[in-house]
Protein chains: 2
Amino acid sequence: MEIEPENHDLCKKAFVLAIRDALAVVSGKWKLAIVCTLLSGPKGFADIERLLATISPRMLSRELRELEVNGTITRHKSEPDGKNRKYALTSSGKKLEKVVFILAAWGAEHRAESANTHQ
Amino acid sequence: MEIEPENHDLCKKAFVLAIRDALAVVSGKWKLAIVCTLLSGPKGFADIERLLATISPRMLSRELRELEVNGTITRHKSEPDGKNRKYALTSSGKKLEKVVFILAAWGAEHRAESANTHQ
DNA sequence: CGGTATCCTTCTCGATACTG
DNA sequence: CAGTATCGAGAAGGATACCG
């Protein structure tokens, strides 16, 4: 992922693809929130549901499925026999922590800056 | 923006607000792309339209307005008399460059990692 | 506990045509 | 050049109820 500064065209194919991949995870009302809950370790459906408080089971189910499909989390049975499942971040998913922090840092700074006569 | 590692609850109010602010800019099909085109300097409507190639004037107009409202870009007349306008990043908008790169870097890594039997 | 099924509303985005 | 107006399709999201 090298981008030459003088090349104004950040719309290079690889760059655009990368951005799109990232946004596929980052966009969606609950995906990042779910990732955040999993940063502290694997969780069950009900755990996440409780942490997010206002999410409906339908949405949680859908978002989990999408995160699983795109390789951000895994779903596995916690007991060999059991019905209990746990969701956990993949190695790639764990690396989202950095992204989340950068995003939040910018968001906070942006909010502060906009507060002062938006300039 | 300090977050204690042992505190699993990244759903803290300030953190969530920051994330939401960031996503308000980052989400939307064209917003980040527009920001990318402006990283190399102020541009006119038609310039951006041409760089993004497939965007409709309606969407460009809307996305520009939203970015302006949320303090990411400014719109100003380039000539004192003129009708020509230029869009430019605010200082806060310029700082998005870092975010974009981190996002793209993660996206590229994620894509590569998912390619290998998704683990 | 860990989800699905159904239904409905709203928001997003694109196409196309037109304006000062 | 720099947009706005209108329309319509489809995706996103929520409420609620129910299932193994």
Side-chain angles (χ1 to χ4, degrees), chain A residues 11 16 19-38 41-70 72-89, chain B residues 11 16 19-38 41-70 72-89:
Chain A
C11 304
V16 169
I19 291 277
R20 207 175 56 189
D21 289 351
L23 288 184
V25 173
V26 152
S27 296
K29 188 161 179 189
W30 301 100
K31 292 206 185 70
L32 267 193
I34 291 171
V35 168
C36 285
T37 68
L38 294 179
K43 305 250 176 321
F45 193 95
D47 300 325
I48 306 174
E49 201 172 8
R50 181 173 33 76
L51 286 169
L52 299 185
T54 60
I55 194 171
S56 72
R58 168 179 132 78
M59 282 312 293
L60 181 51
S61 177
R62 279 195 36 169
E63 300 279 68
L64 285 171
R65 202 59 45 108
E66 289 176 30
L67 288 170
E68 191 188 355
V69 165
N70 73 30
T72 305
I73 66 174
T74 57
R75 189 229 311 247
H76 57 85
K77 317 176 193 321
S78 47
E79 322 283 308
D81 61 325
K83 335 278 283 192
N84 281 16
R85 279 125 190 253
K86 289 278 188 194
Y87 292 93
L89 296 172
Chain B
C11 305
V16 169
I19 290 276
R20 206 175 56 189
D21 288 351
L23 288 184
V25 173
V26 152
S27 296
K29 188 161 181 189
W30 300 101
K31 292 207 186 67
L32 266 194
I34 291 170
V35 168
C36 284
T37 68
L38 294 179
K43 305 248 178 321
F45 193 94
D47 300 325
I48 305 173
E49 202 172 8
R50 179 173 35 76
L51 286 169
L52 299 185
T54 61
I55 194 173
S56 72
R58 170 178 131 79
M59 283 312 295
L60 181 52
S61 177
R62 278 197 38 171
E63 300 279 69
L64 285 171
R65 202 58 47 107
E66 288 176 32
L67 288 169
E68 191 188 354
V69 166
N70 72 30
T72 306
I73 66 174
T74 56
R75 191 228 311 245
H76 57 84
K77 316 177 195 317
S78 47
E79 323 280 309
D81 60 326
K83 336 278 283 192
N84 282 15
R85 277 123 190 257
K86 289 279 187 193
Y87 292 93
L89 296 171

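Every chain is numbered from 1 and lettered A, B, ... according to where its sequence line falls, protein lines coming before strand lines.
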Consider the side chain of [X], meaning its heavy atoms from C-beta on, and name the nucleotide among [options] that approaches it most closely.
X: B:Ser56; options: C:dT16, D:dG14, D:dG3; result: C:dT16
X: B:Arg65; options: D:dT4, C:dG14, C:dG3; result: D:dT4
X: A:Asn84; options: C:dG2, D:dT16, C:dT4; result: C:dG2
X: B:Arg58; options: D:dA5, C:dG3, D:dG3; result: D:dA5

Counting only side-chain N and O atoms of [X], is one of them less than 4.0 Å from OP1 or OP2 of [N]?
X: B:Lys29; N: C:dG14; result: yes
X: B:Ser61; N: D:dT4; result: yes
X: A:Arg62; N: C:dT4; result: no
X: A:Tyr87; N: C:dC1; result: no

> Between atom CD1 in A:Ile48 and atom C1' in C:dC1, what is the gap in whole Å?
Replying inline: 13 Å
>> Rounding to an integer number of Å, can you tell me how far B:Leu23 CG sits from C:dT12 P?
In response: 13 Å
> Touch check for A:Arg50, heavy atoms < 4.0 angstrom, all strands: base, sugar-phosphate only, or nothing?
Replying inline: nothing
>> Reading DNA chain C from 5' onward, which residue's closest nucleotide shows up sooner: B:Glu63 or B:Pro57?
In response: B:Glu63
